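Take a look at the structure set out below.
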Amino acid sequence: MKSTVVQVTTGTREVVHDITAECERFAAEAGGDGLLHVFVPHATAGVAILELGAGSDDDLLAALDDLLPADDRWRHSHGSKGHGRSHVMPALIPPYATIPVLSGRPALGTWQSIALIDLNVDNPERKVRLSFLAG
């Protein structure tokens, strides 16, 4: 197995951050067929595979805001207002995804991208572990 950690700056706002290029680079370096596992070792972030750049990014953030409002209802209440929702989000958008790799390329669908989802405005720096298990 090959593995590396990629640093991602998500900033101080809620974000759907495209990490497809980093995943493609890593898979190409690993080469061959296998599985690419993408994991964020954070209690307040997730990984999603979805279409990006056509409004889906904003739609996802809006849906999460509807499901998990940034208000005072959360028992986990340190940090910015609504911070507790960031700790609930990984139950809906898990902190991992596994993608098949064929000939060194992630076998994504035509409009699929790999994204880091981060609602935690208190932590602007994230790590993403990419692991490749050869077939």
Side-chain angles (χ1 to χ4, degrees):
M1 181 174 85
K2 297 177 183 179
S3 190
T4 191
V5 174
V6 176
Q7 297 285 344
V8 177
T9 300
T10 56
T12 56
R13 63 181 182 84
E14 299 171 1
V15 67
V16 175
H17 185 87
D18 190 354
I19 58 171
T20 308
E22 291 90 336
C23 293
E24 288 173 338
R25 260 191 305 279
F26 178 71
E29 289 170 11
D33 296 347
L35 294 174
L36 171 64
H37 188 73
V38 183
F39 176 71
V40 291
H42 300 282
T44 58
V47 176
I49 298 175
L50 73 160
E51 179 180 3
L52 298 176
S56 299
D57 324 41
D58 293 331
D59 289 343
L60 177 58
L61 291 175
L64 289 171
D65 192 48
D66 287 345
L67 289 170
L68 305 169
D71 58 22
D72 296 328
R73 73 182 70 202
W74 308 102
R75 291 184 185 109
H76 188 118
S77 60
H78 71 86
S80 61
K81 184 176 182 181
H83 177 77
R85 77 190 191 123
S86 296
H87 288 273
V88 174
M89 189 205 64
L92 303 174
I93 300 175
Y96 58 85
T98 302
I99 300 103
V101 174
L102 302 172
S103 301
R105 294 188 51 111
L108 294 168
T110 302
W111 301 110
Q112 289 182 319
S113 296
I114 306 165
L116 169 66
I117 313 302
D118 189 1
L119 300 182
N120 184 355
V121 299
D122 298 328
N123 187 355
E125 298 295 326
R126 297 301 188 155
K127 294 178 183 177
V128 180
R129 175 162 298 279
L130 304 177
S131 300
F132 180 79
L133 182 61

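Treat the numbers as computed from the prediction; the structure is a model and nothing was measured.
- Qualifying side chain to side chain contact (heavy atoms under 4.5 Å, CB included) partners for Ala107, counting only residues two or more places apart in sequence or in other chains: Pro100, Leu102.
- Looking only at distances, a side-chain donor or acceptor of Trp74 sits under 3.5 Å from a matching main-chain atom of Pro69.
- Not counting sequence neighbours, the partners of Leu67 by the side chain to side chain contact (heavy atoms under 4.5 Å, CB included) test are Leu92.
- Partners of Val16 by side chain to side chain contact (heavy atoms under 4.5 Å, CB included), not counting sequence neighbours, listed by chain and number: Leu52, Asp57, Leu60, Leu61, Ala115, Ile117.
- Every ring-ring contact (aromatic ring centres under 6.0 Å, His included) that His83 has, sequence neighbours left out, goes to His76, His78, His87.
- Within the structure, salt bridge (charged side-chain N to carboxylate O under 4.0 Å, His left out) pairs that include any residue of residues 120-135 comprise Asp118-Arg126 (at least two apart or interchain).
- Residue pairs meeting the salt bridge (charged side-chain N to carboxylate O under 4.0 Å, His left out) criterion with at least one member in residues 17-31: none, sequence neighbours excluded.
- When the side chains of ILVMFWY residues are joined at heavy-atom separations under 4.5 Å, either directly or via intervening members, Val40 and Met89 end up in two distinct hydrophobic clusters.
- Checking each of Ile19, Val5, Val47 against Val128 for a side-chain contact (heavy atoms from CB on, under 4.5 Å) leaves exactly one that passes, namely Ile19.
- Sequence neighbours left out, not one pair with a member in residues 3-60 passes ring-ring contact (aromatic ring centres under 6.0 Å, His included).
- Residue pairs meeting the ring-ring contact (aromatic ring centres under 6.0 Å, His included) criterion with at least one member in residues 92-135, sequence neighbours excluded, do not occur.
- Atom SG of Cys23 is separated from atom CG of Leu130 by 5.0 Å, given to the nearest 0.5 angstrom.
- Think of Val121 as one node in a network of Ile, Leu, Val, Met, Phe, Trp and Tyr side chains linked at under 4.5 Å; it has no links at all.
- Applying the salt bridge (Lys or Arg N to Asp or Glu O under 4.0 Å) test to Asp33 and every residue at least two apart in sequence or in another chain returns nothing.
- Under the side chain to side chain donor-acceptor pair (under 3.5 Å) criterion, Ser113 pairs with no residue, sequence neighbours left out.
- By the salt bridge (Lys or Arg N to Asp or Glu O under 4.0 Å) test, Arg73 is found to be paired with Asp71, residues two or more places apart in sequence or in another chain being considered.
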